[in-house]
Asker: 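Dropping a structure here in structure tokens format, bear with me for questions.
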Amino acid sequence: MPSDLVLVTGGAGYIGSHLVRKLLARGFRVRVLEKFLYGDQGLREVEGEPGLEIRSGDICSRRDMQAAAKDARAVIALAALVGDPACEIDHDETMRTNFESTKVLLEAGRSGGVQRLVFASSCSVYGANGDGILDEESWLNPVSLYARTRIMSEELLVRERGSLETIILRLSTVCGLSPRMRFDLMVNTITARAVVDGSVRILGPSQWRPHIHVQDAAEAFLCAAVDARPEHARGSIYNTGGDSENFTIAEVAAKV
């Protein structure tokens with residue numbers, strides 16, 4: 001009988017704090033591996049809940065990852081340096097956190113007997129790619145270090161996953177409220193400025209952005225980790241969002 005334990009790296013983060021709550025509500029035991037770079041407010045309200053184990057550790061540490069992955073049924077890898085500005089501060093640290101850690105993740109998954117690995121990637125891998133609708137077979141054209149590290153990690157996971165069931169989710173631009181709030185995401189930024197300043201100023205109003213609510217993103221990771229059939233987890237890559245949530249920056253500003 002498979003374990004009911006799911007490991008979430010970055011479980012106190014923007015998406016992770018919702019995901020942890022959803023997994024607990026479904027009756028799974030949840031182990032979180034967190035560096036708490038942005039504090040612990042994401043899990044503060046559920047700390048001490050039955051079935052929740054929180055570990056302070058680093059996804060780049062083989063010791064931390066192997067200990068955290070032990071006996072886990074699935075690993076959901078959310079921990080990363082996310083977004084272009086954060087990744088540009090220190091390129092070496094970005095490579096270490098966003099790519100070298102993926103090698104550690106694979107090793108820990110294999111040695112710990114993990115059945116399935118779900119990895120957070122990004123629609124930014126498509127970069128500047130014209131005005132057409134993009135699917136998983138579309139040309140990748142990264143324009144940032146962040147996007148390049150996502151592609152490198154994707155390729156590594158697909159190439160070296162072995163018998164490990166693997167699902168990669170290329171997330172649309174996430175938005176919405178979270179216990180660990182982010183205001184560097186487009187919808188959230190525009191909304192915050194509208195509230196604080198009473199007006200918004202935008203650049204590139206005709207640029208299109210795909211969106212997904214943070215609750216839906218968390219649900220997607222849950223489904224991929226525990227509901228998806230094995231034939232859908234063979235190094236599979238899925239765009240995660242919906243065409244109905246594609247808007248130009250000007251349309252988003254007008255809605256706000």
Side-chain angles (χ1 to χ4, degrees), residues 6 8-26 28 30 32 34 38-39 41-46 74 76-86 118-126 129 133-136 138 146-147 150 167-196 200 202 204-205 207-228 232 236-256:
V6 177
V8 182
T9 72
Y14 183 58
I15 298 172
S17 54
H18 280 299
L19 175 59
V20 166
R21 288 165 168 79
K22 288 177 179 290
L23 285 164
L24 290 171
R26 282 278 299 268
F28 291 98
V30 182
V32 171
E34 253 294 349
Y38 301 104
Q41 65 268 29
L43 296 179
R44 202 174 291 163
E45 292 180 356
V46 294
I76 304 175
L78 298 178
L81 285 173
V82 179
D84 298 349
V118 183
F119 184 80
S121 187
S122 166
C123 65
S124 66
V125 299
Y126 299 111
N129 220 334
I133 296 295
L134 303 174
D135 63 24
E136 291 82 353
S138 295
Y146 171 61
R150 297 297 81 185
I167 296 176
I168 296 165
L169 301 185
R170 289 176 178 164
L171 289 173
S172 299
T173 302
V174 189
C175 60
L177 287 171
S178 171
R180 207 299 272 182
M181 193 58 190
R182 285 180 59 186
F183 289 105
D184 59 318
L185 300 164
M186 189 184 76
V187 172
N188 299 355
T189 298
I190 291 175
T191 304
R193 287 177 178 169
V195 170
V196 173
V200 296
I202 59 174
Q207 294 180 24
W208 286 89
R209 292 289 186 274
H211 295 90
I212 184 170
H213 194 275
V214 63
Q215 291 269 19
D216 293 328
E219 191 72 24
F221 281 104
L222 185 152
C223 291
V226 302
D227 294 331
H232 295 152
S236 309
I237 298 174
Y238 298 101
N239 287 343
T240 307
D243 294 349
S244 63
E245 298 301 312
N246 292 343
F247 299 103
T248 65
I249 294 176
E251 287 173 335
V252 170
K255 287 177 180 292
V256 170

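Computed from a predicted model, the values in this text were never measured in an experiment.
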Asker: Does any pair with a residue in residues 214-228 pass salt bridge (charged side-chain N to carboxylate O under 4.0 Å, His left out), and if so which ones, sequence neighbours excluded?
Answerer: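 Only Lys22-Glu219, Arg26-Asp227 qualify under salt bridge (charged side-chain N to carboxylate O under 4.0 Å, His left out).
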Asker: Answer yes or no: is there a side-chain heavy-atom contact under 4.5 Å between Leu171 and Phe221?
Answerer: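 Yes, at least one pair of side-chain atoms sits under 4.5 Å.
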Asker: Ignoring hydrogens and geometry, is there a side-chain-to-backbone donor-acceptor pair from Glu251 to Thr248 under 3.5 Å?
Answerer: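 A pair under 3.5 Å: yes.
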Asker: Could you report the tightest heavy-atom contact between Leu169 and Ala224, atom names first, then the distance?
Answerer: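 That closest heavy-atom pairing would be CD1-CB, 4.3 Å.
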Asker: Within this structure, what is the CG-CD1 distance for the pair Leu19 and Ile76, rounded to the nearest 0.5 Å?
Answerer: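 Separation between the atoms: 4.5 Å.
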Asker: Would you name the heavy atoms of Ala147 and Ser124 that are closest together and state the gap between them?
Answerer: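 Looking at all heavy atoms of both residues, the shortest contact is CB-O, 3.4 Å.
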Asker: For Ser172 and Pro210, indicate whether the former's side chain and the latter's backbone hold a donor-acceptor pair under 3.5 Å.
Answerer: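 Not a single qualifying donor-acceptor pair exists.
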Asker: For Gly11 and Val20, which heavy atoms make the closest approach, and how far apart are they?
Answerer: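 In terms of heavy atoms, the two residues are closest at O-CG2, 3.7 Å.
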Asker: Tell me whether Thr240 contacts the main-chain N or O of Tyr238 through its side chain, where contact means a donor paired with an acceptor under 3.5 Å.
Answerer: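 Yes, the answer is positive, given that a donor and an acceptor are paired below the 3.5 Å cut-off.
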Asker: Looking at every heavy atom in both Asn246 and Trp208, which two are closest together, and how far apart are they?
Answerer: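 Reported closest heavy-atom pair: O-CZ3, 3.5 Å.
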Asker: How long is the gap from CZ on Arg182 to SG on Cys175, to the nearest 0.5 Å?
Answerer: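 With rounding to 0.5 Å, CZ (Arg182) is 11.5 Å from SG (Cys175).
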Asker: Should Met181 and Gln41 be marked as a side-chain contact (heavy atoms from CB on, under 4.5 Å) after you check the CA-CA gap, both sets of side-chain angles, and the distance that decides it?
Answerer: CA-CA 9 Å; Met181 193 58 190; Gln41 65 268 29; over 6 Å; no
Asker: Can you see which heavy atom on Ile167 is nearest to which on His232, and at what distance?
Answerer: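 Minimum heavy-atom separation between Ile167 and His232: CG1-O, 3.5 Å.
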Asker: Just jot down the salt bridge (charged side-chain N to carboxylate O under 4.0 Å, His left out) partners of Arg193, sequence neighbours excluded, or say none.
Answerer: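 So Arg193 forms no salt bridge (charged side-chain N to carboxylate O under 4.0 Å, His left out) with any residue.
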Asker: Counting N and O atoms only, with roles assigned by atom type, does the side chain of Glu136 sit under 3.5 Å from a partner on the main chain of Asn239, one being a donor and the other an acceptor?
Answerer: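 Side chain of Glu136 to backbone of Asn239: a pair is present.
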Asker: Measure from the side-chain N and O atoms of Arg150 to the backbone N and O of Ala120, and report whether any donor-acceptor pair falls under 3.5 Å.
Answerer: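 Checked: pair present.
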Asker: Roughly how far, to the nearest 0.5 Å, is the CG atom of Leu185 from the CZ atom of Arg209?
Answerer: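 The CG atom of Leu185 is 12.0 Å from CZ of Arg209, to the nearest 0.5 Å.
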Asker: Ignoring hydrogens and geometry, is there a side-chain-to-backbone donor-acceptor pair from Asn188 to Thr191 under 3.5 Å?
Answerer: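 Side chain of Asn188 to backbone of Thr191, a donor-acceptor pair under 3.5 Å: no, none is there.
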Asker: Is any side-chain heavy atom of Val125 closer than 4.5 Å to a side-chain heavy atom of Arg170?
Answerer: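 SC-SC contact between Val125 and Arg170 confirmed.
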Asker: Show your working on side-chain contact (heavy atoms from CB on, under 4.5 Å) between Val8 and Val30 and close with a plain yes or no.
Answerer: CA-CA 7 Å; Val8 182; Val30 182; 4.1 Å; yes
Asker: Contact between Ile190 and Ile202 at the side-chain level, heavy atoms closer than 4.5 Å - yes or no?
Answerer: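 Counting from C-beta outward, Ile190 and Ile202 do come under 4.5 Å.
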Asker: Between the side chain of Tyr14 and the main-chain N/O of Gly176, is any donor-acceptor distance below 3.5 Å?
Answerer: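 Checked: pair present.
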Asker: Any non-hydrogen side-chain atom of Ile15 less than 4.5 Å from a side-chain atom of Arg180?
Answerer: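 In short, these two side chains do not touch, never coming nearer than 4.5 Å.
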Asker: Answer yes or no: is there a donor N or O on one side and an acceptor on the other, between the side chain of His211 and the main chain of Glu245, under 3.5 Å?
Answerer: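 Yes; judged by distance alone, with no hydrogens or angles, the pair exists.
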Asker: Is Gln215 close to Ser178 at the side-chain level, that is, under 4.5 Å between some pair of heavy atoms?
Answerer: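 No, side chains not in contact.
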Asker: Could you check whether any side-chain N or O of Ser121 sits under 3.5 Å from a backbone N or O of Ile168, counting only pairs where one atom can act as donor and the other as acceptor?
Answerer: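 The answer is no, because no donor-acceptor pair under 3.5 Å joins these two groups.
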Asker: To check you understand the geometry: which heavy-atom pair defines the closest contact between Gly13 and Ser17, and what is its length?
Answerer: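 Of all heavy-atom pairs spanning Gly13 and Ser17, the closest is O-OG, 2.8 Å.
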Asker: Looking at Tyr146 and Pro85, would you say the former's side chain and the latter's main chain have a donor-acceptor pair under 3.5 Å?
Answerer: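 Checked: no pair found.
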